[in-house]
Amino acid sequence: MLNQKDLFDKPETIHEGLRKRGVSKGELERLTKLATQRRSAISDLDNLRHELNQASQLMQEKARAGEQDAVEAGRQELKSLKTSIKEKDEALNKTEAQLNQMLLELPNIPHASVPEGQDESQNREERLVGELPSFSFKPKPHWEIGEELGILNFEQAAKISGARFVVYRGAGAKLERALINFMLDTAAENGYHEIIPPLLVRAHAMEGSGQYPKFVGESFETLDREYALIPTSEVPLVNLHRDEIIEADNLPIRYTAFTPCFRREAGAAGKDTRGLIRQHQFNKVELVAFTQPENAEAELERLTGNAESILQKLGLPYRVVSLCTGDLGFAAAKTYDLEVWMSGQDTYREISSCSLCGDFQARRAKIRFRRHPEGGKKAKPELIHTLNGSALAVGRTLIAVLENGQQEDGSVVLPEALVPYFGAKTIAPA
RNA sequence: GGAGCGGUGACCGAGUGGUUGAAGGUGCACGCCUGGAAAGCGUGUGUGCGGCAACGUACCGAGGGUUCGAAUCCCUCUCGCUCCGCCA
């Protein structure tokens, strides 16, 4: 959520930032109009209330002095004052509700270093890492490898749950589990505290991290709408400190969690229908960090590096892309996508998204911190900055491992780093 | 699902319808004391909104109501806790 004050204090930055994110001029005007209305209404109301408070004090004194007539007269007078306060208050509430709804649906302002652009074609490639594997045969896509090895079964999944689900079998299930453990251990080495959060969350948690109200249609919810299934563990992790003021000495806070994630993938109809690229349920190890504002940019580089280190340890070639304004997620101010090379599809595919959200989520979830006192002065609480990134999407990592490690005989050679976790060097046809 | 009890400041915890933004404690900061520290003593310490500021105003889970005046009385909702039932 944006800071209302900024609309007045630095209107150019806000207007320019929102324009880059595709917010129309009309919307901006409406926003400014509502915010201005709100300010003047508050000031009017404060004055009226001041009047009422003063008058009430007088009443008390008169009542004490036993001036019954004066008290009686005052009552009638104050009643009408009260009525007009109530009317103005209702009008203000209405304005604030409209304004708040708008603010909740406006995306974050892009960081200055983010390239401007319409869509993913205008993302900026930051770096290419690793060598692409070469094959003496035509590499297969993972759905063929997986089915031939009997470790991925899409038909069985469809019987149970329909499209966009998978059943992992035998070595496939074990490989997924090995990857999860490997990723969690790596995160722990990098200083992230492991969490197992709830997978069902309330709407206010979804609002805190930025999913609701704008993207209600994209999550799965229980029938009574009491809970939503998390689309990413970023939701519970970010909300861990909701409504808190954290002592600066305890920052940064870094969390990691492995969870399944649930997404409707509404609007993705027809896209990536084969294999397990785009599923309604997938596993992910997530990293989340809370930092002071001045450290947030460095933390983004660190967090991205932490995610990259997993790809490096697995020997998977990838590239780092800086998302342009048009491709940026709702809550993000800046995002690096990690795209892993998938030999069987002959392309790079997103496997991690590392974002700096600034105070956008913190303002929604009321997560603040207090600096260490200086010169006897207690510092005012400030909004914390939040960051998150996948490290990594487990299913997609499994794809990359299968496609890049495949052999002509149909077996798959696993990365060295995974061997201790998986317990074997290869997966061979049964 | 049944029954009961609660939600007050960073934290814990008082609170009679009017002088309570809120006692007391903890924590924290500064000072005294000390060789240094601890303990002890003293002082200070809420958040949001509007305002350059002075200041004003709101806020005691949320929303309504009663009243000239509500943290305090009434209603609704919400969240949490305890006991019973059911259950991995």
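In what follows, chains are A, B, ... by sequence order, proteins preceding strands, each numbered from 1. Note that the structure is a prediction, hence the values are computed from the model and not measured.
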C55(B) versus G6(B) - spacing of their C1' atoms, nearest Å: 38 Å

Separation of atom CZ in Arg242(A) from atom P in A10(B), rounded to whole Å: 16 Å

Assess, by modelled atom type and distance only, whether the side chains of Glu299(A) and His385(A) contain a donor and an acceptor separated by less than 3.5 Å. no

Using distance alone, with no hydrogens and no angle criterion, decide if Arg177(A) and Asn181(A) have a side-chain donor and acceptor under 3.5 Å apart. no

Would you kindly compare Asn3(A) and Glu90(A) by the position of their nearest RNA chain B nucleotide and give the one closer to the 5′ end? Asn3(A)

As a test of reading the structure: which of C68(B), U47(B), A10(B) is closest to the side chain of Lys79(A), going by heavy atoms? C68(B)

Whether over 12 other heavy atoms sit under 6.0 Å from Ile196(A) CD1: no

Taking the six-membered ring for Trp, are Phe182(A) and Tyr421(A) closer than 6.0 Å centroid to centroid? yes

Closer than 4.0 Å, any side-chain N/O of Arg38(A) to the OP1 or OP2 of G50(B)? yes

Please pick, from U47(B), G80(B), C49(B), the nucleotide with the shortest atom-to-atom distance to any side-chain atom of Arg202(A). G80(B)

Between C68(B), G48(B), G50(B), which nucleotide has the shortest distance from any of its atoms to the side chain of Leu52(A)? C68(B)

What contact category does Lys5(A) fall into here, base, sugar-phosphate, or nothing, at under 4.0 angstrom with non-hydrogen atoms? sugar-phosphate

Does Lys20(A), at its NZ atom, have more than 12 non-hydrogen atoms belonging to other residues, nucleotides or ligands within less than 6.0 Å? yes

Please state the P separation for the pair A53(B) and G61(B) - nearest whole angstrom. 30 Å

On a whole-Å scale, what distance lies between the P atoms belonging to A29(B) and A54(B)? 27 Å

Sticking with atom P, work out how far C12(B) lies from G18(B), rounded to a whole angstrom. 27 Å

What pattern of brackets, bars and dots sums up RNA chain B from 5' to 3', given Watson-Crick or G-U wobble pairs under 3.5 Å, [ ] for crossing pairs and | for another strand? ((((((((.[[[..)..(.....]]]((((((.......))))))(((((....))))).[[[[[..)....]]]]])))))))....

Given the C1' atoms of G7(B) and U57(B), what is the spacing between them in whole Å? 25 Å

What pairs with Ala41(A) under side-chain contact (heavy atoms from CB on, under 4.5 Å), at least two apart in sequence or on another chain? Leu92(A)

Starting at the 5' end of RNA chain B, which residue's closest nucleotide do you reach first, His204(A) or Arg370(A)? Arg370(A)

Consider only side-chain N and O atoms of Tyr255(A) and Ser233(A), and report whether a donor and an acceptor are under 3.5 Å apart. no

What I want to check is whether an N or O donor and acceptor connect the side chain of Lys380(A) with the base of U47(B) at under 3.5 Å. no

d(CG, Leu48(A); P, C68(B)) in whole Å: 18 Å

Separation of C59(B) C1' from Asn93(A) CG (nearest whole Å): 14 Å

Quick one about Ser353(A) and Asp337(A) (side-chain donor to acceptor, distance below 3.5 Å, no hydrogens or angles considered), yes or no? yes

Would you tell me if any nitrogen or oxygen in the side chain of Asn53(A) comes within less than 4.0 Å of OP1 or OP2 on G69(B)? no

Just how far, in rounded Å, is C1' of U78(B) from CD of Glu207(A)? 15 Å

Out of C68(B), G64(B), U57(B), whichever nucleotide has its closest atom nearest the side chain of Asp46(A): U57(B)

Whether Lys86(A) contacts G65(B) is assessed here as follows: a side-chain N or O lying under 4.0 Å from the phosphate OP1 or OP2. Is that the case? yes

Tell me the interatomic distance from Leu78(A), atom CG, to A70(B), atom C1', rounded to whole angstroms. 16 Å

U72(B) to A62(B) separation - P atoms, rounded to the nearest Å: 11 Å

Please state how far atom CD1 in Ile245(A) lies from atom P in U47(B), giving the value in whole angstrom units. 7 Å

Quick note, Arg49(A) side chain, CB onward, closest among G50(B), U57(B), G18(B) is U57(B)

Expressed in angstrom and rounded to an integer, what is the separation of Asp243(A) atom CG from C79(B) atom P? 15 Å

Between G64(B), U57(B), A29(B), which nucleotide has the shortest distance from any of its atoms to the side chain of His372(A)? A29(B)

Distance check, C1' atoms only: G25(B) and C73(B), in whole angstrom units. 30 Å

Length of the line joining Arg39(A):CZ and C49(B):P, which is rounded to integer Å: 10 Å

Which heavy atom in Glu116(A) sits nearest to a heavy atom in Cys324(A), and how many Å separate them? C-CB, 4.2 Å

Ignoring backbone atoms, establish whether His50(A) has a side-chain N or O less than 4.0 Å from OP1 or OP2 of G56(B). no

Under 4.0 Å between any heavy atoms, over every strand shown, what does Arg371(A) touch: base, sugar-phosphate, or nothing? Just pick one. nothing

Kindly check if the number of other-residue, nucleotide or ligand heavy atoms within 6.0 Å of CD (Gln156(A)) is above 12? yes

For the P atoms, the ones on G2(B) and on G15(B), what distance do you get once it is rounded to whole angstrom? 32 Å

